Enquirer: 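Here it is: the structure, laid out below.
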2 protein chains.
Amino acid sequence: MASGWFYMSCMVLGSLGSMCILFTTYWMQYWRGGFAWDGTVLMFNWHPVLMVSGMVVLYGAASLVYRLPASWVGPKLPWKVLHAALHLLAFTVTVVGLTAVFGFHNHSKITHLYSLHSWLGITTVALFACQWFLGFAVFLLPWASQWLRSLLKPVHVFFGACILSLSIASVISGINEKLFFVLKNATRPYSSLPGEAVFANSTGILVVSFGLLVLYILLASSWRRPDPGALTDRQVWLLVSHYRWDKAKKACFAPC
Amino acid sequence: MASGWFYMSCMVLGSLGSMCILFTTYWMQYWRGGFAWDGTVLMFNWHPVLMVSGMVVLYGAASLVYRLPASWVGPKLPWKVLHAALHLLAFTVTVVGLTAVFGFHNHSKITHLYSLHSWLGITTVALFACQWFLGFAVFLLPWASQWLRSLLKPVHVFFGACILSLSIASVISGINEKLFFVLKNATRPYSSLPGEAVFANSTGILVVSFGLLVLYILLASSWRRPDPGALTDRQVWLLVSHYRWDKAKKACFAPC
């Protein structure tokens, strides 16, 4: 039953994450004119898509690496490398997303970083950079003692969750701001809830749902790498069902 | 040392919480014309003050009742009643805050609940109501078994933290939206960062800082009511210093 819940959560998470990216892309493509890299508003359109992809979906997926039953046994190093590499990918996508909005502002002579959305967003990205470098230095490089790692691990997990929460707050304020900017038409303003407003508001609610599910799996579920020699009943069930599935898959796809 | 950190965190938390309420009140009083209860924009001005006070500051304080060392020993019931009562007060303040914005919208013929800020805000208040009633039914009324309470306690704590995170996201998008509404003056727009914009953006950052500190004490610190018969060294230190302080206070203020 525990393994059923785990795999169902993974499916829901994958679907929600894909929908967050697809909905944001569709919003920009269908209602805001599509994409370009030329300093116009079409360059800005990359910003919401890349921030949702990098700071929310990829970041969330990267955070959950140690929740996969396959990561609970055997050497931890490959999973650490995967955790760091996925976060680095998320950070790279985020930086391209920031470049898109800075490029648009430069081209259109718009002031940088004046709104509360931008203050919170840039603070969140700076915290992400600090978290990545500290995590790399303490948990991946070999110099740090086990004592230091045990001391910093809960702080690392807590700040990881905080950065995701702040990303969600930034995305919500960003979507809200964008809709007030573009839906000014007197006959179909934002307050009359035209199709674009309902679609973009729903995208925001999807992002919140994805983030809450990531935080639940990260902080509140029992799906985590156990302390050495201390597997719980639930974790044993999850591992057994994971390896059964793995064996069945290999048997099906092995060359005869 | 642990007790020093605890009491310092309480002082920082109290100062940050007071500053959140005072800054929001000052913003509305000094730049937005003050307060009234007459359906005009002066009635709306109660909305940010009461939402920050109810959904962030009072809610955060109410969440931390079980982190006070005095609550770790003796009967738990009085602390449960205090936890529920403070949350009920937070909810009441929130409902008055919502009444202020609905009253203003009715009077000024503005559509209700169209922005993403309002969708997220009303969802958060609805979740808060559900959380309060479920918490009251399961943890305060005597019918629920110990097994059910142990099962639901981590879910209750997790959703409590989620509601605070969603409140912060709602406050950030609300401040951002309000500033775009009111700072439209061509000579001093929001993008030129006039005094009001810097002050209100800083208020948003204060709210985020307060929320993160509450979440840290709630989720990541060792300051919590221990399982029966299992006090950690840090918790023993905190309890000892708490009772020393209590004794010293009584000795100083006792009538001769």
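It should be emphasised that the depicted structure is a prediction, and the values quoted were computed from it without experimental measurement. Numbered from 1 within each chain, the chains take letters A, B, ... in sequence-line order.
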Enquirer: Apply side-chain contact (heavy atoms from CB on, under 4.5 Å) to B:Leu152 and list each qualifying residue two or more places apart in sequence or on a separate chain.
Expert: B:Val138, B:Phe139, B:Leu148

Enquirer: Give a yes or no on whether A:Phe180 atom CZ has more than 12 heavy-atom contacts from other residues, nucleotides or ligands under 6.0 Å away.
Expert: yes

Enquirer: Between B:Tyr190 and A:Leu116, is there a side-chain heavy-atom distance shorter than 4.5 Å?
Expert: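 Yes; the side chains approach each other to less than 4.5 Å.
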
Enquirer: In terms of heavy-atom proximity below 4.5 Å to chain A, should B:Leu193 be classed as side chain, backbone, both, or neither?
Expert: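 Side chain only.
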
Enquirer: What distance separates A:Ser173 OG from B:Glu177 CD, expressed to the nearest 0.5 Å?
Expert: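 Reported to 0.5 Å precision, the distance equals 11.0 Å.
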
Enquirer: Given a strict heavy-atom distance threshold of 4.5 Å, which part of A:Ile168 is in contact with chain B: side chain, backbone, both, or neither?
Expert: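 When you check distances to chain B, no heavy atom of A:Ile168 falls under 4.5 Å.
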
Enquirer: Kindly indicate whether the side chain of B:Phe158, heavy atoms from C-beta on, has any atom under 4.5 Å from the side chain of A:Leu215.
Expert: yes

Enquirer: Looking at side-chain heavy atoms only, is the closest gap between B:Ile172 and A:Ile172 below 4.5 Å?
Expert: no

Enquirer: What do you reckon, is OH of B:Tyr30 surrounded by more than 12 foreign heavy atoms closer than 6.0 Å?
Expert: no

Enquirer: For A:Trp46, I'd like to know if atom CH2 has over 12 heavy atoms of other residues, nucleotides or ligands within 6.0 Å.
Expert: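 Atom CH2 in A:Trp46 is not crowded, with 12 or fewer foreign heavy atoms closer than 6.0 Å.
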
Enquirer: Would you say the side-chain atoms of B:Asn201 pair up with the backbone N or O of A:Trp119, donor to acceptor, closer than 3.5 Å?
Expert: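 Checked: no pair found.
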
Enquirer: May I ask you to decide if B:Ser115's main-chain N or O and A:Asn176's side chain share a donor-acceptor pair within less than 3.5 Å?
Expert: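 Checking the backbone N and O of B:Ser115 against the side chain of A:Asn176, no donor-acceptor pair under 3.5 Å is found.
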
Enquirer: Tell me, for B:Leu166 versus chain A, whether the close heavy atoms (under 4.5 Å) come from the side chain, the backbone, both or neither.
Expert: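 Interface part for B:Leu166: side chain.
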
Enquirer: Heavy-atom distance under 4.5 Å between the side chains of B:Cys162 and A:Tyr216, does that happen here?
Expert: no

Enquirer: Of the backbone (N, CA, C, O) and the side chain (C-beta and beyond), which part of A:Ser202 lies under 4.5 Å from a heavy atom of chain B, both, or neither?
Expert: both

